[in-house]
Chemist: 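The following block contains the structure, expressed as structure tokens.
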Amino acid sequence: MKNERGYPKASITKKGEASLRAGHSWVYEAEIVSLSEEPENGGLVDILNEKGRYLGTGLFSLHSKIRIRLISRNANDKFDEAFWLRRLSYAWQYRKTVMRGDISCCRVIFGEADQFPGLTVDLFQDVLVTQTLSIGMERLKPLLFPLLFDLLRKDGIVLRGIYERNDVAIRDLEGLQQGKGWFPLAGAQKDFGPTQTTIIENGIRYLVDFENGQKTGYFLDQKYNRLAVAKLAKGKRVLDCFTHTGSFALNAALGGAEHVTAVDVSSSAIEMAQTNAKGNGLDAKIDFLTENVFDLLPRLEASHAKYDLIVLDPPAFTKSRKTMLSAMGGYREINGRAMRILSRGGYLATCSCSHFASDEMFQTMLRHAAGDAGVTLRQIEMRQQAPDHPILWGMPETNYLKFYLFQVV
């Protein structure tokens, strides 16, 4: 039987209740005690504790181990167009505030942290690029995407379209098909234009390939960490490992580095990085290598090469707890080798973008790597992701980026 709001009811365990009350927003399959009826896949469900007390309302998934994704803790909410427009407006106003008006390229929606579970939306100058990773958001996107498009256009953001990057395996867990392409907007032109655009970040121009680049095409979360590296780079010989499309390398070069070597295993990423360097008139200060960093660092160490500043910005070495041990071994290897090829008093920027690698684990790894290299780390600062990727306390999955700046002595 349905309740007075018309939604099926899901009773959950005390463990599930404790998790929700602590600020988490997922209910796992094993935490559901009973359902008043089988909810629609992607439909709304009221969550109750074992005593029947209301805890919140979420979106139900028939296929994922994450059975319910919370969207509200208010029993009076009505989930109509006005509700979702308010929520989109809150997210956009937050970016305008915390990014200090620097919003031509930013993350507009950061999933659970903005109460849009499973939805990512990035703004790249004149294009919105999305990833929809939950069935609930998949069902809602015909409502949400036009609302967001109109909201930003009314605020002076000139947009040509919304591009979906749903070519990710995690959609399989929700029973969703993979794919990518332009989202059909009512009244929009049939030709949205090329699947590349140009953004300006920290005064540097980047060509963003949002059709073929990693994730949504460009990593916005390191925006202010790149500035922190630029401030250390003046007059230094810099090695930028896992450069992707050259962002840390370009910031270092613009910051006055004597010379920068940028490395990535992807030839297409290196080609894009070279294009970005030429577009900013910085190509004379940067040389690019298409090589595996795990092969390069031992060779540099053996040749007694020395750098004054090394940046380690690897992709996530682990996406599950099962592979944490090997992942930490990989982090330890590249950090230890980087410390050994730094000149005396050199600087290290190192990070991890995996939320499974906790800050405590990352610090322990760095201590071991420093011991391996026979050096001492003098911390300059510890940083996290940019504020357009807000961290929701109680939801550790939103707290994923660890970024350290050290002097190695």
Side-chain angles (χ1 to χ4, degrees), residues 201-204 222-265 269-270 273-274 276-277 280-314 331-352 362-363 365-383 402-409:
E201 181 194 82
N202 301 340
I204 298 172
Q222 297 272 30
K223 183 173 190 171
Y224 299 125
N225 298 338
R226 294 173 186 129
L227 276 181
V229 165
K231 291 176 182 177
L232 298 177
K234 188 173 182 180
K236 293 180 174 59
R237 294 160 297 167
V238 180
L239 175 64
D240 177 23
C241 298
F242 311 98
T243 193
H244 190 227
T245 54
S247 55
F248 275 108
L250 290 167
N251 275 266
L254 191 64
E258 177 185 312
H259 190 76
V260 182
T261 299
V263 187
D264 201 280
V265 72
I270 287 294
Q274 291 173 319
N276 289 331
N280 288 278
L282 296 170
D283 48 312
K285 298 187 71 173
I286 309 175
D287 65 274
F288 296 92
L289 298 177
T290 304
E291 190 164 353
N292 189 321
V293 171
F294 283 92
D295 297 329
L296 174 67
L297 290 179
R299 194 172 77 248
L300 291 175
E301 185 180 352
S303 68
H304 304 289
K306 290 295 179 182
Y307 292 89
D308 307 309
L309 169 61
I310 296 178
V311 180
L312 297 176
D313 181 23
Y331 285 121
R332 180 171 174 174
E333 178 182 348
I334 61 172
N335 277 274
R337 291 191 185 280
M339 293 173 195
R340 284 193 287 270
I341 62 176
L342 277 167
S343 55
R344 183 177 296 274
Y347 295 87
L348 174 67
T350 183
C351 60
S352 166
F362 196 65
Q363 287 184 18
M365 176 278 300
L366 287 169
R367 290 190 183 96
H368 289 154
D372 296 340
V375 301
T376 298
L377 297 178
R378 182 156 66 178
Q379 182 176 320
I380 302 167
E381 60 179 323
M382 183 270 183
R383 305 176 62 88
K402 293 146 294 278
F403 183 93
Y404 281 89
L405 287 173
F406 295 106
Q407 186 180 36
V408 176
V409 296

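Worth knowing before you read on, the calculation uses all heavy atoms, side chains too, and leaves out hydrogens, waters and symmetry mates.
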Chemist: Return the CD1 to OG1 distance between Ile270 and Thr290, rounded to the nearest 0.5 Å.
Modeler: 4.5 Å
Chemist: Has the side chain of Lys231 got a donor or acceptor atom that lies under 3.5 Å from a matching backbone atom of Leu227?
Modeler: no
Chemist: Give the C-alpha distance, both sets of side-chain angles, the deciding distance and a yes or no for ring-ring contact (aromatic ring centres under 6.0 Å, His included) between Phe406 and Tyr347.
Modeler: CA-CA 6 Å; Phe406 295 106; Tyr347 295 87; over 10 Å; no
Chemist: Under 3.5 Å, is there a donor-acceptor pair between the side chain of Thr243 and the main chain of Asp264?
Modeler: no
Chemist: With a 4.5 Å cut-off on side-chain heavy atoms, are Ile341 and Leu297 touching?
Modeler: yes
Chemist: Is the closest side-chain heavy-atom distance between Cys241 and Ile334 below 4.5 Å?
Modeler: no
Chemist: Taking the side chain as everything from C-beta on, heavy atoms only, tell me whether Val263 gets closer than 4.5 Å to Leu239.
Modeler: yes
Chemist: I'd like to know if Arg226 pairs up with Glu201 as an ion pair, taking the criterion as any Lys NZ or Arg NE/NH1/NH2 lying under 4.0 Å from an Asp or Glu carboxylate oxygen.
Modeler: yes
Chemist: For Ile204, does its backbone N or O pair with a side-chain atom of Asn280 as donor and acceptor, under 3.5 Å?
Modeler: no
Chemist: For residues Ala373 and Gly336, report the shortest heavy-atom separation together with the two atoms involved.
Modeler: CB-O, 3.7 Å
Chemist: Give a yes or no answer on whether the side chain of Asn276 reaches the backbone of Thr245 with a donor-acceptor pair at less than 3.5 Å.
Modeler: yes
Chemist: Could you tell me whether Glu258 and Arg237 make a salt bridge, using a distance below 4.0 angstrom between a side-chain N and a carboxylate O?
Modeler: no
Chemist: Testing Arg337, Arg367, Arg332, Arg340 one by one against Asp372 for a salt bridge (charged side-chain N to carboxylate O under 4.0 Å, His left out), which residue passes?
Modeler: Arg332
Chemist: Roughly how far, to the nearest 0.5 Å, is SG of Cys351 from CZ of Arg383?
Modeler: 12.0 Å
Chemist: Checking Asp240 side chain against Ala262 main chain: does a donor-acceptor pair fall under 3.5 Å?
Modeler: no
Chemist: Quick check: does any side chain N or O of Lys285 sit under 3.5 Å from a backbone N or O of Ala253, one acting as donor and the other as acceptor?
Modeler: yes
Chemist: Looking at side-chain heavy atoms only, is the closest gap between Phe403 and Val229 below 4.5 Å?
Modeler: yes
Chemist: Between CD of Glu333 and CZ of Phe294, what distance do you get to the nearest 0.5 Å?
Modeler: 5.5 Å
